[in-house]
Amino acid sequence: MLYEHARLASLRLGCEIRRFAVEVGFRMTSKKVAILTGGGDCPGLNAVIRAAAKTAILEHGAEVIGIEDGFEGLVENRWRPLPYLAVSGILSQGGTILGTSNRANLFKYPLEEGGKTVFKDVSRKAVENFKAMGADVLIAIGGDGTLTVADRLRKLGVPIVGVPKTIDNDLYGTDQTFGYDTALSIATDAVDRLHSTADAHHRAMILEVMGRNAGWIALGAGLAGGGDVILIPELPYRLEAVCAYLRKRRDAGKRFSIIVIAEGAKPAGGDVVVRQRVADGAEPIRLGGVGFKLQEDIERCSGIESRSVSLGHLLRGGTPTAFDRILATRLGREAARLALSGSDGVMVGLRGSEIVPVDFKDIAGRQRLVNPDHHWVQVARSVGACFGN
Ligand code: F6P
């Protein structure tokens with residue numbers, strides 16, 4: 001009992017000393033950590049920034065700065081200090097206080113010259129600016145585009161620790177990315193809401209969700225929401241199989257059906273539906289519209305009245321779930337610890353219940369897609385879901 005009192009008192013004293021140290025600007029290390037967020041935004045980015053900055057300040061007494069708009073800010077030398085108060089109160093906020101950009105490949109950077117867009121390698125400029133900021137290490141929070149650029153940049157002399165983010169959940173080297181759980185909750189809520197209107201009108205309601213070439217959001221929402229048909233990129237579908245399944249449901253007395261389709265889903269032997277082609281983006285194409293195409297196809301092949309809705313960027317907006325906040329906080333804390341202990345060229349990942357460092361070279365060029373035999377696919381099949389194949 002006495003020992004416990006003494007332990008708590010010493011912990012409290014430790015906290016007080018640290019708080020005092022932070023308030024008077026005392027630094028236990030002379031290191032400076034820079035943080036940036038790159039690529040598409042995702043719920044939990046602010047939670048990572050907060051955790052990384054607080055850990056760096058409170059545990060190490062380091063100085064933290066934030067680079068604005070991802071690598072764009074590094075090229076244009078836009079950054080600001082991130083003291084303790086700047087990262088306080090942002091845990092539950094969506095978006096990113098630093099801003100982001102998914103058009104900032106330093107090795108193929110779009111510049112306006114004579115009224116035309118030209119692409120140049122601006123990596124040297126980025127390195128120069130980083131050195132001029134006086135930063136020792138960069139924490140890059142981003143998806144595969146950001147981490148690929150980060151890996152090349154570090155070979156030019158910028159020490160980097162990565163934090164994987166994406167609602168798509170398709171990054172190799174981590175069991176789950178933060179942002180996915182939030183997107184999944186939003187998509188599941190949409191599936192729930194579609195049930196009543198589908199039932200009232202005896203229709204097939206189609207929900208299109210993002211995910212690029214991965215079907216994690218569609219599969220998860222289909223399973224969690226009880227979708228009747230789940231169409232994902234990893235399992236190309238046959239329209240005839242989908243229509244036969246819908247007719248069978250109708251004949252069995254089920255007067256409505258819910259279809260969850262990933263934006264990257266495609267028919268066997270067919271191609272994805274491209275919404276837009278982009279010259280200066282990290283991705284050469286933007287997916288979107290497969291749900292509307294499927295609606296027309298289903299009406300034509302089955303005669304069942306259908307409607308389609310696409311969630312789009314709603315999946316990326318708003319406050320992160322408790323799961324994502326915890327994961328993001330754990331990742332941010334570990335990233336700061338690694339960055340300040342001299343690590344370079346590693347990303348922090350979730351492996352089982354542990355946060356572990358993963359070498360950039362082990363993740364380069366790899367994507368974590370849904371295995372067609374994944375347990376979730378098998379479970380959905382067992383409870384009657386159709387994958388259209
Ligand atoms: O990678 C995240 C993601 O939301 C994908 O699911 C989607 O295809 C893409 O980004 C959309 O990107 P943008 O913000 O450029 O429209």
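- Taken from CD in Glu72 to CZ in Arg103, the straight-line distance is 7.0 Å, to the nearest 0.5 Å.
- A donor-acceptor pair under 3.5 Å is formed between the side chain of Gln378 and the backbone N or O of Asp373.
- In terms of modelled atom types and a separation under 3.5 Å, the side chain of Asp69 and the main chain of Ser101 share no donor-acceptor contact.
- Between Val137 and Ile139 the shortest side-chain heavy-atom distance does not fall below 4.5 Å.
- Here the closest non-hydrogen pair linking Pro164 and Phe178 is O-CE2, 3.2 Å.
- A salt bridge links Asp297 with Lys293: the distance from a Lys NZ or Arg NE/NH1/NH2 to an Asp or Glu carboxylate oxygen falls below 4.0 Å.
- Note that CG of Leu340 is 6.0 Å distant from NZ of Lys31, once rounded to the nearest 0.5 Å.
- Using a 4.5 Å heavy-atom threshold, the side chains of Ile67 and Met133 count as touching.
- Side-chain contact between Ile355 and Leu350 is present, with heavy atoms from C-beta onward closer than 4.5 Å.
- Note on Ile304: it does not cluster hydrophobically with Phe256, by side-chain heavy-atom contacts below 4.5 Å among ILVMFWY residues.
- Between the side chain of Glu263 and the backbone N or O of Val209, no donor-acceptor pair lies under 3.5 Å.
- For the pair Leu138 and Leu36, the minimum side-chain heavy-atom distance is below 4.5 Å.
- Under a 3.5 Å cut-off, the side chain of Asp170 and the backbone N or O of Ala214 do not form any donor-acceptor pair.
- Proximity of Asp121 to Phe107: side-chain heavy atoms (C-beta onward) are separated by under 4.5 Å at one or more points.
- The backbone N or O of Val290 lies less than 3.5 Å from a partner atom in the side chain of Glu208, making a donor-acceptor pair.
- Annotation: Arg193, atom CZ; neighbour count of heavy atoms from other residues, nucleotides and ligands within 6.0 Å does not exceed 12.
- A donor-acceptor pair is defined here as one N or O able to donate and one able to accept, closer than 3.5 Å; such a pair exists between the side chain of Thr177 and the backbone of Thr166.
- Ring geometry, His374 versus Trp216: the interplanar angle exceeds 60°, so the pair is classed perpendicular (tilted spans 30 to 60°).
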(request) Could you give me the CA-CA distance, side-chain angles and deciding distance for Val273 and Phe292, then say whether side chain to side chain contact (heavy atoms under 4.5 Å, CB included) is met? (result) CA-CA 10 Å; Val273 176; Phe292 292 103; over 6 Å; no

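- A donor-acceptor pair is defined here as one N or O able to donate and one able to accept, closer than 3.5 Å; no such pair exists between the side chain of Thr188 and the backbone of Gly225.
- Proximity of a side-chain donor or acceptor of Glu299 to a complementary backbone N or O of Ser306 within less than 3.5 Å is detected.
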(message) Could you go through Trp376 and Ile230, starting from their C-alpha distance and side-chain angles, then the distance that decides it, and tell me whether this counts as side chain to side chain contact (heavy atoms under 4.5 Å, CB included)?
(response) CA-CA 11 Å; Trp376 286 9; Ile230 303 171; over 6 Å; no

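- Here the side chains of Arg368 and Leu171 are not in contact, with every heavy-atom distance at 4.5 Å or above.
- Between Ile160 and Asp344, the closest heavy-atom pair is N-OD1, 2.8 Å.
- Of the residues Thr37, Leu45, Val48, Thr174, the one that meets the side chain to side chain contact (heavy atoms under 4.5 Å, CB included) test with Val163 is Val48.
- The environment of Gln367 atom CD is dense: over 12 non-hydrogen atoms of other residues, nucleotides or ligands sit within 6.0 angstrom.
- In this structure, Lys125 contributes its side chain and Leu74 its backbone to no donor-acceptor pair below 3.5 Å.
- Shown here for Glu234 and Pro372, the closest heavy-atom pair between the two residues is O-CG, 4.0 Å.
- Although no hydrogens or angles enter the test, the distance criterion places no donor-acceptor pair under 3.5 Å between the side chain of Asp359 and the main chain of Val346.
- With a 4.5 Å cut-off on side-chain heavy atoms, Tyr245 and Lys248 do not count as touching.
- Side-chain contact of Thr319 with Arg325: a donor-acceptor pair under 3.5 Å is present, judged by distance alone.
- Looking at heavy atoms from C-beta onward, Thr146 lies out of side-chain contact with Thr100 at the 4.5 angstrom threshold.
- Taking both residues in full, the closest heavy atoms of Phe323 and Asp181 are given as CB-OD2, 3.4 Å, listed atom of the first, atom of the second, then distance.
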